[in-house]
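Heads up, the thing below is written out as structure tokens.
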Amino acid sequence: MASLSGLCSSSPSLKPKHNRITKLTPSLRKDSLAFSARSAASSKLVGAHSVAREISADLSKTNNVGILKKAKKGGLEKDPKALWRRYVDLLYQHKELGLYLDVSRIGFSDEFVAEMEPRFQAAFKAMEELEKGAIANPDEGRMVGHYWLRNAKLAPNSFLRVQIENTLDAVCKFADDVISGKIKPPSSPEGRFTQILSVGIGGSALGPQFVAEALAPDNPSLKIRFIDNTDPAGIDHQIAQLGSELASTLVIVISKSGGTPETRNGLLEVQKAFREAGLEFAKQGVAITQEKSLLDNTARIEGWVARFPMFDWVGGRTSEMSAVGLLPAALQGIDIREMLVGASMMDEATRCTELKNNPAALLALCWYWASDGIGSKDMVVLPYKDSLLLFSRYLQQLVMESLGKEFDLDGNRVNQGITVYGNKGSTDQHAYIQQLREGVHNFFVTFIEVLLDRPPGHDWELEPGVTCGDYLFGMLQGTRSALYANNRESITVTVQEVTPRSVGALIALYERAVGIYASLTNINAYHQPGVEAGKKAAGEVLALQKRVLAVLNEASCKEPVEPLTLEEVADRCHAPEHIEMIYKIIEHMAANDRALIAEGFHHRSALYEMCSEMSSLHYSPAGFYNASRCEVLQPFDGSALPNFILQKLGWQIPQG
Ligand SMILES: O=P(O)(O)OC[C@H]1O[C@H](O)[C@H](O)[C@@H](O)[C@@H]1O
């Protein structure tokens, strides 16, 4: 990349008066900091075990909305020379990582930054305490230690340090042994593992999926597929795609808790496929989970090939640099030590307490400015590189599960969060960017730019002077300009190329930005109580389904079979208030041939079929019941049924 200093000197008219930006090395960047640096009144705020809570108490006195309203009055800078100066002045560069952050198209002012400075200093202090082992997840009484994974020396005690180092060594050794064929499946025609089937969900899937898409070579040592849902058709598809290669498949079951229902279901389905193929699952299964979890115990008792630990102090959405992300990556031939180096270098850079020299803080500043500190605007993430397609999905969990909270750390209802979505450019330009340019103004964009189009030596000009990659570049720059011209703000993160190092750095950059933003907004970024509520509700639905089945079974055992209306089923389940859910349960079972709903004309063709083949079908104007399968149907007007069906059922043909 042309250095910025080079560009400046070739455009003397644009060169800023002061010489502090003639060369943007990290050290000079500090001198060029235009933001007023206020002293942080934070030393008294930090306690070993309740960092965020104490900080928040002090910061809650500041009126965000007031600052933002005042600061936003000015509107966005449009003068090209002033914009160029803003770009040069604000550009963050990490030369060693080949990573650049341009925040010049977010409209914050120096005054706003100055106002925010104490909050940032407090956030930096909180992050420092977190890295030292403070209980940064107060609700769950946990430390938050994903930063230690890439630099074990930072772990707060030697026990954790050794745990991290041993796990990394074990991951590398296991991957080497699998790739070399030293560890092999018992009955594989290839004589080695050729496929990975990863079973996990949420944080136990998104990181490995993103990294596989971004970094796996075209011919990886092992190919990876994912089961990340409890969708039976999706599971069947993955197993069908493996076909006879199931015998050469290493199944990695990933679950921090070891009890996530979707993952358990995926495991049970895969185990069934193994049984049906006459394969012994234990010889091909690996577990990544917390010690002594249900999954860990199962894997231990059944004697799976290997088990790797997940640590209590690593959250699912920040687990990519634990065995969760490292093992699948290493098995695909991805250089995981390089990923760790990239993350570690970014961690170092984002520990900087000068806002303008800290890329994570700059991101958090932009988010705060753009979304008014309350998530009023959505974050649209647009990587202009196919291999980074899943970055937006990965960030969706990282940002939304971390920041989307009902209460702040002081117990105030705040309903915080930032919505994240996006796929990739320029593809999205042909889909929804029309709205971003001209429609509802409820977002800010993050462009992810990759400078290297293709490996050197492979490029060609598809028209004079222009390559395919030039088009991609042009699309990105064009969209950035067109959006800004219409007052749509954007951030641009640029990496030289997509490598294990730059991907590790990107992950670390966003992890820290989320942590800092959480401090700014005084929320706990490390728990997910809302997800728990959804899981609990799902459990209740399944419990209700079991009660519904029990009621139907009982009625079906009576002689003659007792027809039930929906209301009667609900009453017998002692759940009349859940009648709608009971209807949906029966409707779902009906769709899967486990029940039948006769409700109005629409369903009658189904009735005909059933009636013609089932002798034990019972019908009454009050309800419809299939004794052989324990099925209940909605009441409907039986007289509307054709006579031949009523005859077949042995019912009286209605008069008139
Ligand atoms: O890794 P597991 O314990 O199976 O959890 C998988 C996922 O489950 C939940 O939905 C959490 O909200 C996620 O943060 C987590 O990553």
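Every number for a ligand or one of its atoms is a count from 1 in the order of the listing. Residue indices begin at 1 and follow the sequence shown.
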Do Q397 and R317 pair up side chain to side chain, a donor and an acceptor below 3.5 Å, judged on atom types alone?
no

Is it true that S344 and R150 share a donor-acceptor pair across their side chains at a distance under 3.5 Å?
no

Could you note down all residue pairs passing salt bridge (charged side-chain N to carboxylate O under 4.0 Å, His left out) where residues 200-212 supplies at least one of them, sequence neighbours left out?
none

Does the separation of the ring centres of Y421 and F443 fall below 6.0 angstrom?
no

So, for W369 and F444, is the gap between ring centers shorter than 6.0 Å?
no

Sequence neighbours left out, what passes salt bridge (charged side-chain N to carboxylate O under 4.0 Å, His left out) with E140? Give chain and number order.
R142

Numbering as shown, the atoms of ligand 1 that approach [X] to under 4.0 Å (heavy-atom distance):
X	answer
I201	6 (C), 7 (C)
Q397	13 (C), 14 (O), 16 (O)
S204	1 (O), 2 (P)
Q528	12 (O)

Is there a donor-acceptor pair closer than 3.5 Å between any side-chain N or O of S371 and the backbone N or O of K377?
no

N522 side chain to A518 main-chain N or O, any donor-acceptor pair under 3.5 Å?
no

Going by heavy atoms, is M310 under 4.0 Å from ligand 1?
no

Report yes or no: does a heavy atom of E532 sit under 4.0 Å from some atom of ligand 1?
no

Write out the residue and atom name of the closest protein heavy atom to [atom], then the distance separating them to 0.1 Å.
atom	value
atom 12 (O) of ligand 1	E401 OE2, 2.6 Å
atom 10 (O) of ligand 1	V531 CG1, 3.3 Å
atom 8 (O) of ligand 1	K535 NZ, 3.5 Å
atom 5 (O) of ligand 1	T260 OG1, 3.5 Å

Once you restrict to heavy atoms under 4.0 Å, what part of K256 touches ligand 1? Side chain, backbone, both or neither.
both

Do any N/O atoms on G203 end up under 3.5 angstrom from N/O atoms on ligand 1?
yes

Return yes or no for this condition: an N or O of S257 is under 3.5 Å from an N or O of ligand 1.
yes

Residue E580 excluded, over 12 heavy atoms near CD under 6.0 Å:
no

